[in-house]
Amino acid sequence: MPELPEVEVVRRGLEDHVVGRRIEEAAFIGARVTRRHRPGPVDLADQLRGNAVHGAQRRGKYLWLELEAPDGHRQGLVIHLGMSGQLLVEAAGAPRQSHLHATFDFSDGGPQLRFVDQRTFGGMALAELVPDGCLDDEARVGGGGKDPHRSDLPHSWGIPESITHIAPDPLEAAFHQDEVIARLKARHTAVKRGLLDQRLVSGIGNIYADEALWRARVHGERDAASLSKPALGRLVEHATAVMLEALGQGGTSFDALYVNVNGASGFFDRSLDVYGREGFPCGRCGTPIRREAFMNRSSYSCPRCQPRPRPAP
DNA sequence: CGTTCATCCTGAGAGC
DNA sequence: TGCTCTCAGGATGAAC
């Protein structure tokens, strides 16, 4: 479940079904799912045994469980769903999925948490939690602004050390739009690259980048620095808005690969304006939506509302 | 420093 | 039917 809204749907599911429980036993099928945990799957299972799950947090597309070990040591279990990862809450006796990579049993004997991942780009690893101190006070002066719709998840235990390179996402209190705009304005590269760069702003993927660009009437290959700061601001605000709308619909699901912890799909695919809509009329001007290759994947846009930059490169 | 490229995987669908 | 080819919500590290 790639992008921010889908990951947030999963985080909420973890909050509802996993937080407050104690891990009795974790089991890993194969080594690939724990490849980012250097000591390996056996060590991970050993370390997880007996941990209490204090919270479920998210930054961008990364999730982590806040864990407290029996000796009081606090760590984060960082989980990334990659392209096809799912976290499912099911009875331990439920049929095993063909791409099941991990199971978590809890001391209350309730439902199991499972990690299922067809393409295995996802994974999990333990990380120490460190203070989220990226910005000094001076950097905040004149920045920030109002953020009425922020969910303000308290990262009370800090950020996993392994994802400190990931920038705050637009739904966090730590998100500073003015800083993102300034950094975009300094980039001489396609603006869509900037939207997709998780070190600049996290949570945006291929779907919501294209949707935000369409709303802002900007072609993704325009040089970021060529756009005015207000235009960049509108673009970032559209990205935030479209992800919030998608979250309200339970996320975007084209197929059964993208589901919440109960296996249910979201409905935002019905509200997409350009992504995956090659040949369909633009909702604003009626021009057929085009698909172009970009960064080894596809970009969708309206040829009329989003003209390509000057000379076709 | 920033940007590109290949790579990690499996399965669905198109085209032959 | 069965084969091949292309494509898919992502991140990373090496190579320019």
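Chain letters run A, B, ... following the sequence lines, proteins first, then strands; residues in each count from 1.
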A/T120 side chain near B/dT10 phosphate (N/O to OP1/OP2, under 4.0 Å) = no
hbond_proxy A/R119 side chain to C/dA8 base (donor-acceptor, 3.5 Å cutoff) | yes
Pairing of A/E6 and A/R58 as salt bridge, 4.0 angstrom limit = no
Using a strict cut-off of less than 4.0 Å between a Lys/Arg side-chain nitrogen and an Asp/Glu carboxylate oxygen, indicate whether A/R234 and A/E237 qualify as a salt bridge.
-> no
Just label C/dG10 as syn or anti from its O4'-C1'-N9-C4 or O4'-C1'-N1-C2 angle, using within 90° of 0 for syn.
-> anti
Interatomic distance, A/D223 CG vs B/dG2 P [rounded to whole Å] = 14 Å
For DNA chain C, what residues of residues 192-200 of chain A have any heavy atom nearer than 4.0 Å?
-> A/Q198
Answer yes or no for this row: A/F121 ring on C/dA11 base, centroids under 5.5 Å, planes under 30°.
-> no
Using a cut-off of 4.0 Å on non-hydrogen atoms, how would the nucleic acid contact of A/Y62 be classed: base, sugar-phosphate, or nothing?
-> sugar-phosphate
Within less than 4.0 Å of OP1 or OP2 of C/dG9, is there a side-chain N or O belonging to A/K61?
-> no
Calculate the interatomic distance between A/M243 atom CE and C/dG9 atom C1'; express it in whole Å.
-> 13 Å
How many Å lie between CD on A/Q118 and P on C/dC7, as a whole number?
-> 18 Å
Could you check whether A/F254 gets within reach of a base, just the sugar-phosphate, or nothing at all, counting any heavy atom under 4.0 Å?
-> base
Taking only the side-chain nitrogens and oxygens of A/R36, find out if one of them lies under 4.0 Å from OP1 or OP2 of C/dG13.
-> yes
Can you tell which of A/E292, A/K192, A/R308 makes a side chain to side chain contact (heavy atoms under 4.5 Å, CB included) with A/S301?
-> A/E292
Please state how far atom CE in A/M295 lies from atom P in C/dA11, giving the value in whole angstrom units.
-> 10 Å
Taken to the nearest whole Å, CD1/A/I207 to C1'/C/dA8 is 10 Å
Atom CD of A/E3 and atom P of C/dG9 are separated, to the nearest Å, by 8 Å
Salt-bridged, A/D273 to A/R284, with N to O below 4.0 Å?
-> no
Within less than 4.0 Å of OP1 or OP2 of C/dA11, is there a side-chain N or O belonging to A/H80?
-> yes
A/H54 vs A/W157 aromatic rings, parallel, tilted or perpendicular, using cut-offs 30° and 60°?
-> parallel
Do the rings of A/H165 and A/Y62 sit parallel, tilted or perpendicular, given the 30° and 60° boundaries?
-> perpendicular
Remember a base hit wins even if backbone is also touched, and classify A/D117 as base, sugar-phosphate or nothing at under 4.0 Å, heavy atoms.
-> nothing
Does atom CZ of A/R304 have more than 12 heavy-atom neighbours, drawn from other residues, nucleotides or ligands, at distances under 6.0 Å?
-> no
Can a side chain N or O of A/T252 be found less than 4.0 Å away from OP1 or OP2 on C/dG9?
-> no
Output yes when at least one side-chain N/O atom of A/R291 is less than 4.0 Å from OP1 or OP2 of C/dA8, else no.
-> yes
Taking only Lys NZ, Arg NE, NH1 and NH2, and the carboxylate oxygens of Asp or Glu, determine whether A/R290 and A/E278 approach each other closer than 4.0 Å.
-> no
Who is the Watson-Crick or G-U wobble partner of C/dG9, with both distances under 3.5 Å?
-> none
Does a nitrogen or oxygen in the side chain of A/H99 sit under 4.0 Å from OP1 or OP2 of B/dC9?
-> no
Nucleotide forming a Watson-Crick or wobble pair with B/dT4, both distances under 3.5 Å | C/dA14
Does A/E172 pair with A/R59 as a salt bridge, N-O distance under 4.0 Å?
-> yes
Whole-Å distance between B/dA12 P and A/D255 CG?
-> 9 Å
Between C/dA8 (P) and A/N296 (CG): distance, integer Å = 10 Å
Report yes if at least one side-chain N or O of A/R187 is closer than 4.0 Å to OP1 or OP2 of B/dT3; otherwise report no.
-> yes
Counting side-chain heavy atoms from CB outward, which of C/dT12, C/dG9, B/dC8 is closest to A/H165?
-> C/dT12
